[in-house]
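Read through the structure below, which is laid out as structure tokens, and then see the notes.
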Amino acid sequence: MKHLSYIFLGLIVLLWLPSCGIKTKIKRADRKFAIGEYYDAAELYRQIYPRVSKNDKALKGRIAFNQGECYRILNSSKAVSSYQHAISQKYQQTNDTVFLRHAQSLHYQGKYSQAEKAYRQFIDRHPEDYVAQAGLYACQQANTWKKEPSRHKLTLVKEFNAKRTSNFCPAFIGTDAGAVMFTSNRQEKSSGNKKSKRVSPVTGALTFNLYTSRRDVNMKWGEIELPEGLYGGDEAETEAENDSTAQKTGSQELGACTFTGDGKTMYFTFSQPINGQDLGTKIYRSNRTGGEWSEPEEIKFFLDSSITVGHPSVNPAGDTIYFASDAPDGYGGKDLYMAELEGDTWINVQNLGPQINTSADEMFPCIRYDGQLYFSSNGHPGYGGLDIFRAIPTGEKDSNDIRLWDIANMATPFNSSGDDFGITFDGESENGLLSSNRGQKKGYDQIYSFVLPELVYSVEGKITDPNGDPIVNGVLRLVGNDGTNQKLQVRKDGTYHLKLNKDVKYAMLATSRGYLNSKESLTTEGLKDSHTYTQNFTLAPLSKPVKMDNVFYETGKWDLTPESETSLNSLVKLLNDNPNITIELSAHTDMVGDSLSNKTLSEKRAQSCVDYLIKKGIEKERLTPVGYGENKPVVADQALHKQYPYIPIEQVLDEAFITKLESPQQRDVCNQVNRRTEFKVLKTTYKLY
């Protein structure tokens, strides 16, 4: 009997031990989650989730949600499935934020249609939530936005990006932009080829430090180095390597720095866990003397030392700083703040207000020389994850004395469905650097350069005669409403090339001795990209008739077909371009039919053309219609001989020649050539005297 009691007691203990183990692990995971050690917490939640009873949906849902939060903060695609598990456990009955987080994680992966449905689930319960409404709107517009990119060109900076590491938040050291500093968790090796860095329990990655590089005379980036003096020298590094408690207590991390315009003062983000607890980040300052940075000192913005601050950006003058913080007076998540320097103290610390800040995260500010503010947000409408926004001060303030801004998403290629942040500009130019984890399956951040190509506008073409031969003595004049007045002699092959200015209307005039003028117009107004116009000119000679291509009549009649309008409108333009000429407009037939009927038909056809020109505003006195019938057959020139080698140069296409041709097709061609409408200049002094 006693033996059976021992067996029964043993069974109870065996059943109790796993339950006790799970509870212990949950407490441990929750503790790590609370202090921000998301990587370690996520791994613990992953182990716990399948061991929790299916009947305990509340606990199972909470664990899945916390796991999703860890993955979301770590930029892992695993967040989606974690939130889905939480929803399947009805966690939304306890905390419907799971719908919003599920939508945001889908949005982050660029799954816009799925994210849209998830946003609606949250909006049904919180119709006034700005972040959810912004996310829904962004998902509806993202594909349209992608078709309207910025003109900037983005390129990966290979020199800065080490393999299997994150590299981000580049900052030029001073306005001359001759050197850069950025954050990286690349593996350094100490003497003896030992690893000198440890894995962070927060991110699961190697800890972050600041690195610097300089440009050489060819503007190429040089060796990546640790900034001298900032890390306390070799002795401090050796001490850190030998610290057996470092893995337990965590390691200091540096990142997101900024510099005054002279490059002599640096502010940077600093984190140093104490006794295994993440106490948040602080902003420190260091001054450069010679080639080394001084011992960093903490900058105080708030009386409460538990408030996290980071991601500083100082203006070139060094008297205004912007930063991110989780201070309790914010709008939710991380907000952007600014402060002003008075002596050695930062005063007038103020939240940038609801235009800039949302209930989500606004981080990584960058203030430019002209007062424009750039920052990253996952609360305003964007492509997913953190997007880069530009805020231009309007010069006005609201009723709470908070300055107002015009805010715009920087569009592609600056932004993607991943995290895009840490932008910096090369002096006053529109070129610079930014960081992004776009296209990175493991979420590594990489540094990109961006340039704004100069807008280049031009016009080029060729001046020829009606046969397509170049007019070697052609002259082109370009007149713009910006005062441009250029005169250019074309090349020997008749070609030309001219540069144009932005937002200008131009008139172009092509001339040559012995030819009529030709005018054209173009504009560069409203062009968003570089563009080269092609504008060819065909100049009609003064000394001989010019055939008008594509003037057609109804068969056996003198009625013009609609296809004739293009050619006749070209003649209207030529007459308007040359207002002092008068012309003879003649129609010709082939030898088919009797001569008298052909002459009568050609006269009526010539008159039809003249009537059309008069309707288009050409004065009747400038036009003389003539019908020649079959009496003026074509005399072949070089161009006609080249097209039809069986027709000799200077050959008259009269009845005697045509009837001798053996091929019916050749005879048809000659008759077709003779059927034509022409014009020739009679006078060049109409209304001139």
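Residue indices begin at 1 and follow the sequence shown.
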Item to check | Distance-only side-chain donor-acceptor flag, Q114 / Y112, under 3.5 Å | outcome: no

Next on the checklist: When you compare the side chains of N351 and D329, does any donor N or O come within less than 3.5 Å of an acceptor on the partner?
Outcome noted: no

Checklist entry - Yes or no on side-chain hydrogen bond (donor to acceptor under 3.5 Å, both in side chains) for Q372 and Y374, after CA distance, side-chain angles and deciding distance? => result CA-CA 7 Å; Q372 291 189 23; Y374 293 76; 3.0 Å; yes

Item to check | Ring centers of Y119, Y137 separated by less than 6.0 Å | outcome: no

Checklist entry - Step by step, would you call F302 with Y337 a ring-ring contact (aromatic ring centres under 6.0 Å, His included)? => result CA-CA 11 Å; F302 301 101; Y337 290 76; 5.8 Å; yes

Next on the checklist: Within 45 degrees of the ring normal and closer than 6.0 Å to the centroid, is that where the cationic atom of R101 sits relative to F65?
Outcome noted: no

Checklist entry - Taking NZ, NE, NH1 and NH2 as the nitrogens, is one of them in D40 or K32 under 4.0 Å from a carboxylate oxygen of the other? => result yes

Next on the checklist: Please check this pair: side chain of H107 against backbone of G382, looking for a donor-acceptor N/O pair closer than 3.5 Å.
Outcome noted: yes

Item to check | Neighbour count above 12 (heavy atom, 6.0 Å) for R215 CZ | outcome: yes

Checklist entry - So, does N437 use its side chain to make a donor-acceptor pair with the main chain of Q440 at under 3.5 Å? => result no

Checklist entry - Do Y383 and W145 have side chains that get closer than 4.5 Å, going by heavy atoms? => result yes

Checklist entry - Is there a donor-acceptor contact under 3.5 Å from the side chain of N161 to the main chain of V157? => result yes

Next on the checklist: Looking at Y49, is its backbone amide N or carbonyl O close enough to the side chain of K60 to form a donor-acceptor pair, meaning the two atoms are under 3.5 Å apart?
Outcome noted: yes

Item to check | Flag side-chain contact, heavy atom, 4.5 Å: E253 against N209 | outcome: no

Checklist entry - Mind checking whether L59 and I26 have side chains closer than 4.5 Å, heavy atoms only? => result yes

Checklist entry - Only one of I423, L434, D419, I388 clears side chain to side chain contact (heavy atoms under 4.5 Å, CB included) with S376; which? => result I388

Checklist entry - Do H380 and Y130 have their ring centres less than 6.0 Å from each other? => result yes

Next on the checklist: Under a plain distance cut-off of 3.5 Å, with no hydrogens placed, do N185 and S166 share a side-chain donor-acceptor pair?
Outcome noted: no

Checklist entry - Are the side chains of Q84 and V80 in touch, meaning some heavy atoms are under 4.5 Å apart? => result yes

Checklist entry - Are E362 and S377 close enough, and set up right, to give a side-chain hydrogen bond (donor to acceptor under 3.5 Å, both in side chains), and what steps lead you there? => result CA-CA 4 Å; E362 281 68 48; S377 170; 2.6 Å; yes

Next on the checklist: Taking the cut-offs as 6.0 angstrom to the six-membered ring centre and 45 degrees off its axis, would you call R125 and F99 a cation-pi pair?
Outcome noted: no

Checklist entry - Are any non-hydrogen side-chain atoms of F182 and S435 less than 4.5 angstrom apart? => result no

Item to check | Any donor-acceptor N or O pair under 3.5 Å, side chains N409, N415 | outcome: yes

Checklist entry - Is E148 salt-bridged to K528, going by a charged N under 4.0 Å from an acidic O? => result no

Checklist entry - Can a donor-acceptor pair be found between the side chains of E69 and Y83 at a distance below 3.5 Å? => result yes

Item to check | Residue that, paired with F375, satisfies ring pair (Phe, Tyr, Trp, His ring centres under 6.0 Å) out of F364, F389, Y322, F323 | outcome: F389

Checklist entry - Does any N or O in the side chain of K264 come within less than 3.5 Å of the main-chain N or O of F259, such that one atom is a donor and the other an acceptor? => result no

Next on the checklist: Are D445 and N167 packed together at the side-chain level, in the sense that at least one heavy-atom pair is separated by less than 4.5 angstrom?
Outcome noted: no

Checklist entry - R28 versus L44: any side-chain heavy-atom pair under 4.5 Å? => result yes

Next on the checklist: Would the distance check show the side chain of H126 and the main-chain N or O of F122 forming a donor-acceptor pair, the cut-off being under 3.5 Å?
Outcome noted: no

Checklist entry - So, S417 side chain and G384 main chain: donor-acceptor pair closer than 3.5 Å or not? => result no

Item to check | Check: F208 ring centroid to F168 ring centroid under 6.0 Å | outcome: yes

Item to check | Whether T265 side chain and T260 backbone form a donor-acceptor pair below 3.5 Å | outcome: no

Next on the checklist: Looking at K220, is its backbone amide N or carbonyl O close enough to the side chain of N218 to form a donor-acceptor pair, meaning the two atoms are under 3.5 Å apart?
Outcome noted: no

Item to check | Side chain proximity check, Y448 to S436, heavy atoms < 4.5 angstrom | outcome: yes

Next on the checklist: Would you say the ring centers of F450 and F414 fall short of 6.0 Å from each other?
Outcome noted: yes

Next on the checklist: Treating S313 as the side-chain partner and I367 as the backbone partner, does any N or O pair qualify as donor plus acceptor under 3.5 Å?
Outcome noted: yes

